[in-house]
Amino acid sequence: MKRLSCQFRLPALDAARLRWAGQRAGARLGRGGVLAVTVLVALVATERCVLKPRLQAVQSQYAAVQRALAVPLPTPARPAGELSEQARKSLQARLQEAYDVLQRRGLFVREAAYRQLPGGAGDGAQRWSVELPLTGDYRAVRGALTELAKLPALGVETLSFTRSSPADTVLTVALRITVRQEGES
């Protein structure tokens with residue numbers, strides 16, 4: 001098998017020959033052509049020497065961030081005021097019992113304001129204060145208070161009556177109850 005060889009030799013480049021080739025190219029291209037070739041050479045040099053290394057650095061940083069994001073983060077603990085799903089459902093059930101008692105007795109709850117109270121004896125229990133503005137007659141309020149006293153983990157904190165005139169039978173009642181929510185074990 002014959003061996004092919006390529007013999008390509010670069011001519012010896014000296015300063016005089018380069019200057020002559022530059023003058024000849026400048027004469028053919030004109031000022032605009034020389035400027036365009038200079039800009040192209042500068043762009044290629046900038047792309048190879050500046051932009052490509054920066055792009056590679058950014059790509060390596062991006063890959064490192066992607067690897068860091070692929071690691072699952074630890075689950076943060078719930079904040080002190082946040083309830084678990086089970087505890088929230090239990091609290092809602094207890095409050096629903098209280099609302100049912102009030103509704104059954106003919107008292108109308110206009111709105112409710114909830115507030116978490118500071119922890120007690122450190123047993124993991126949470127306490128919630130619920131303010132209920134109600135309207136109804138005295139007998140309904142008395143019967144509702146009797147039934148509310150029988151509900152577990154619920155206590156009446158404050159109670160105030162207001163009526164617009166002495167002859168009026170409809171009362172405006174401000175009732176604040178405390179609901180105790182057992183903590184998780």
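Taking CD of Gln59 as the reference point, atom CD of Gln61 lies at 11.0 Å (rounded to 0.5 Å). Rounded to the nearest 0.5 Å, atoms CD (Glu147) and CG (Leu154) are 12.0 Å apart. One finds the CZ atom of Arg127 at 9.5 Å from the CZ atom of Arg115 (value rounded to the nearest 0.5 Å). Distance check, rounded to the nearest 0.5 Å: CG of Leu145 to CD1 of Ile177 gives 10.5 Å. Between atom CG of residue Leu159 and atom CG of residue Leu132 there is a gap of 11.0 Å, rounded to the nearest 0.5 Å. In this structure, CZ in Arg105 is found 9.5 Å from CG in Leu148, a value given to the nearest 0.5 Å.
Val170 and Val109 fall into different hydrophobic clusters, where Ile, Leu, Val, Met, Phe, Trp and Tyr are joined by side-chain heavy atoms under 4.5 Å apart, directly or via other members. Linking ILVMFWY side-chain heavy atoms closer than 4.5 Å, directly or via other members, places Leu107 and Tyr138 in a single hydrophobic cluster. At a threshold of 4.5 Å between side-chain heavy atoms, the hydrophobic network of Ile, Leu, Val, Met, Phe, Trp and Tyr places Leu51 and Leu40 in two separate groups.
Between Val141 and Leu175 there is no side-chain heavy-atom pair separated by less than 4.5 Å.
Summarising the geometry of Tyr114 relative to Leu95, their closest heavy-atom pair is CE2-CD1, 3.4 Å, with the distance given to 0.1 Å. The two residues Glu97 and Leu151 have their closest heavy-atom pair at OE1-CD2, 3.3 Å. Heavy-atom minimum distance, Ala144 versus Val101: O-CG1, 3.9 Å. Closest non-hydrogen pair, Arg48 versus Pro53, comes out as O-CD, 3.7 Å.
Judged purely by atom type and a 3.5 angstrom limit, Arg94 has no side-chain atom pairing as donor or acceptor with the backbone of Pro152.
Evaluation of the side-chain hydrogen bond (donor to acceptor under 3.5 Å, both in side chains) rule for Thr178 yields Glu157 as partners, not counting sequence neighbours.
Within 6.0 Å of atom CZ in Phe108, 12 or fewer heavy atoms from other residues, nucleotides or ligands are found, so the atom counts as exposed in its surroundings. Under a cut-off of 6.0 angstrom, the local environment of CZ in Phe161 is crowded, with over 12 non-hydrogen atoms contributed by other residues, nucleotides or ligands.
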